[in-house]
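Data block below; observations after.
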Protein chains: 2
Amino acid sequence: MTTTTIKGAAGEARVLRADARRNHTKVLLSARKLFAEQGLDAQIDEIARDAGVGVGTVYRHFPTKEDLLQALADERFIGLAEAAQAALEVEDPGQGFVEFMTYSARVMTEDRALSEAMDQLPGLCRMAAERVEMLRLTGEVLARAQASGDIREDIVPEDIPALICGLGRAVRSEVERPTMSWQRYLEIMLAGMRA
Amino acid sequence: MTTTTIKGAAGEARVLRADARRNHTKVLLSARKLFAEQGLDAQIDEIARDAGVGVGTVYRHFPTKEDLLQALADERFIGLAEAAQAALEVEDPGQGFVEFMTYSARVMTEDRALSEAMDQLPGLCRMAAERVEMLRLTGEVLARAQASGDIREDIVPEDIPALICGLGRAVRSEVERPTMSWQRYLEIMLAGMRA
DNA sequence: GACTATACGGAATCTCAGTTCCGTTTGTCG
DNA sequence: CGACAAACGGAACTGAGATTCCGTATAGTC
C-alpha cells in the first residue's frame, strides 16, 4: 500500500496455458463490470463467482486486489490517452478540447471505481496516468484550446483531472432527487472555463 | 443501514449526570476533528483515545458509528441552513447566492467526512438536510438570484448540493500536483452558472 | 458518610473481507 | 496414451475495526 508495489519488473514473457489465458480474460471482464457498478468495495469473492472461477484463480492472476485495480486503471487511462490523441487531430482546437472533456466525463461517470480510485488510491492512478503520459497529453489539448482563445488562460493541465473527478462525484451524488446528468454538469463546467 | 434508523423518537429528556454531559461534548469534539481530517474511516478507538475516554463511553453516547456521524452531519447542516438564511438577508440576490455557495464550499472542503458521507451515506445526509429544510432554503437563495438575472434559469435547487459535492472532491483530488484551491474551483463553477 | 442508579474503561468478541494453502484437475508435450 | 508441470477451487486463516459486556468508579441524594 505505502511503497508502490514493485511489480514483476523483468519480462514476464511466460506463455500461459490456454485455460489460464481464458480465465485471465474472464476475471478482467467481471472485475471491470463489478467495479464499475459497485465501486472500489466490490468483493473479490463476487468477482470470482461472476467470472465462474475460484478465488484462488483470481489471486494467481492478480496477487492483490490492488493489482487487479491497477490493471483496470491502466486500461482506462489508455482509453483516455487515445481520446486526447484524437482530440489533437480535430481541426478546431476548442472542439477538440470539448470532445476530450466529454469522453473523460463519460468514462468517469460510468465507472464508479475509477472515480473512487482517483481520491482513495492516488498512487495507483498516478502510475496509470504516467504510463500513458496523461498529463502531457492533457496539457497539449488544453494549450491548443487556450492558444485559439477558446479557453481561459488561467486553467492549468492539473486542473483537468481534478475537475473531471469532481464531475464524477457531482453526478453520482444522490442526496437530492433525480440528480443532474453528466452532460449538464459538463456543460456548466465548460461554460465556466471559456475565455 | 438500510432502513433509516428509528432513533429515540420520544422525548429523551433524561437529565445526564455532569460527567456524562462533559464526556458527550468531548467525544463530539474529537469526532468532529478526526472525521474532518481523516474522513469516514476515522476509527472509534482513536476518537475515544483523543477524547480521553474509553470506547465504551463513546458507544453509550452514540450506539453506532453511524449515530455519531449523524450527530455531526446534523451540526453541519444547521450551519448550512443558517448560511442560507443569512444569504436571504443580503440585499443583492446575486451576492447572497455567491456568499452561500462560498460558505458551502468551504465547509465541504474542510470536512472530509462530510463530503464522503454525501455519496457514501446518502440516507444520513438526506435526513440531516430534511431536518433543516435545506432544499427549500437552497431553492429560495437560488430563485432570488435567478429572478434578479444573475444566475441561469435552467439551474434547479437539486443541482446545488451535487455541485458542491463535486467541488469537495475536485479539490481533494491529489492525483496531479498541488491541485487547485477551492476558491478557484468555486469561481469556475460560478462562472458557468451565471446567466 | 453511606447508598444506588449512572457512567465509565477497556479487554474480549464478532464480523467481514482479503489472502493463503494444498489436494485435485487439466492442458501440453513426447 | 501417459507423465507432469501449470492451473484450478474453495475451505480455512488473518487482520482490522466495530460493538458488546461486565466489573469498577462516581455523581447525586438522604
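Convention: sequence-line order gives letters A, B, ...; per-chain numbering from 1.
- dG9(C) atom C1' lies 16 Å from atom CD1 of I44(B), rounded to whole Å.
- Nearest-nucleotide assignment on DNA chain D puts the 5′-proximal partner with H24(A), out of H24(A) and V55(B).
- Judged by distance alone, the side chain of R76(B) and the main-chain N or O of D111(B) form no donor-acceptor pair under 3.5 Å.
- Residue D45(A) has its side chain nearest to dT19(C) when only dA7(D), dA11(C), dT19(C) are considered.
- The nearest whole Å value for the distance from the NZ atom in K65(B) to the P atom in dT19(D) is 8 Å.
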Open item on the list: Please encode protein proximity along nucleotides 24-30 of chain C as a string of B, S and -, counting only heavy-atom distances under 4.0 Å.
Closed with: --BSS--
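- Contacts of H61(A) with the nucleic acid, taken as non-hydrogen atoms under 4.0 Å apart, involve only primed sugar atoms and P, OP1 or OP2.
- Between the side chain of T57(A) and the backbone N or O of V53(A) there is no donor-acceptor pair closer than 3.5 Å.
- Electrostatic pairing of E187(A) and R152(B) counts as a salt bridge here, judged by a charged N lying under 4.0 Å from a carboxylate O.
- When each of dC8(C), dC8(D), dG18(C) is scored by its nearest atom to the side-chain atoms of N23(B), the top-ranked nucleotide is dC8(C).
- At least one donor-acceptor pair closer than 3.5 Å links the side chain of K65(B) to the backbone N or O of A42(B).
- At a threshold of 4.0 angstrom between heavy atoms, the contacts of D41(B) with the nucleic acid are absent.
- Side chain of E116(A) to main chain of L40(A): a donor-acceptor pair is present (N/O by atom type, distance under 3.5 Å, no hydrogens or angles).
- Formation of a donor-acceptor pair under 3.5 Å by the D159(B) side chain with backbone atoms of V156(B) is found in this model.
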